[in-house]
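Let me begin by presenting the structure, written as structure tokens, before commenting on it.
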Amino acid sequence: HSCQLRSRRWTLTSTDSGETDHISGDGVTGLYPLLLDDGGHRVYAGQNAVDATREVGASASEAFVYQRVSNVYEGGGTMSGTLQFVPGSIRQPMGPEFDVVVASFPLPNFVDGDQYIY
């Protein structure tokens, strides 16, 4: 069965200060990937989850990968969160939404303008 990403919630924590930031929103970088049951994907774009009807790029047979860049903490830190999916698709849901937990992972120190890619 397929499922489509609706939203994400991230928690970033500084190693040095213990400061915590929370980031949440629809999709990832304006995209709403539809993960297919054969392991491939299609990617849709829109202003928000309800509007994500424009397919961008060709369908792909490999896993969907995205990267985000940040330099939020000089001393490094950790990141964890959840990705919320809709079984089926946002436009044609096949059941209740569900969350996928992303376990905490380290964000390395950055130096002189370097940025994290996660």
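Here the structure is a predicted model, which means the values were calculated and not measured.
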Are the side chains of [Y] and [X] in contact, using a 4.5 Å heavy-atom criterion?
| X | Y | result |
| --- | --- | --- |
| V100 | T82 | no |
| Y44 | P33 | no |
| Y32 | L5 | no |
| R6 | E97 | yes |

Side-chain heavy atoms nearer than 4.5 Å, only ILVMFWY residues, links allowed to pass through others: does that put I23 and M79 together?
yes
Non-hydrogen atoms of T13 and G18 that approach each other most closely:
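Looks like CG2-O, 3.9 Å.
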Heavy-atom closest pair, residues S89 and V86:
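For S89 and V86, the tightest heavy-atom pair comes out as O-CG1, 3.4 Å.
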Parallel under 30°, tilted from 30 to 60°, perpendicular over 60°: which one fits the rings of F105 and W10?
perpendicular
In this structure, which one of Q4, R42, H41 forms a side-chain contact (heavy atoms from CB on, under 4.5 Å) with L35?
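Answer to the side-chain contact (heavy atoms from CB on, under 4.5 Å) test with L35 among Q4, R42, H41: H41.
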My understanding is that only residues two or more places apart in sequence, or in another chain, count here; which of them pass side-chain contact (heavy atoms from CB on, under 4.5 Å) with [X]?
| X | value |
| --- | --- |
| H22 | T11, T20 |
| S2 | L34, L36 |
| S104 | T78, S80 |

Under 3.5 Å, is there a donor-acceptor pair between the side chain of S24 and the main chain of R9?
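Judged by distance alone, no pair lies under 3.5 Å.
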Under a 4.0 Å threshold between the charged nitrogen and the carboxylate oxygen, would R8 count as salt-bridged to D26?
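R8 and D26: not salt-bridged.
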Walk me through whether D99 and L83 qualify under side chain to side chain contact (heavy atoms under 4.5 Å, CB included).
CA-CA 6 Å; D99 287 346; L83 301 172; over 6 Å; no
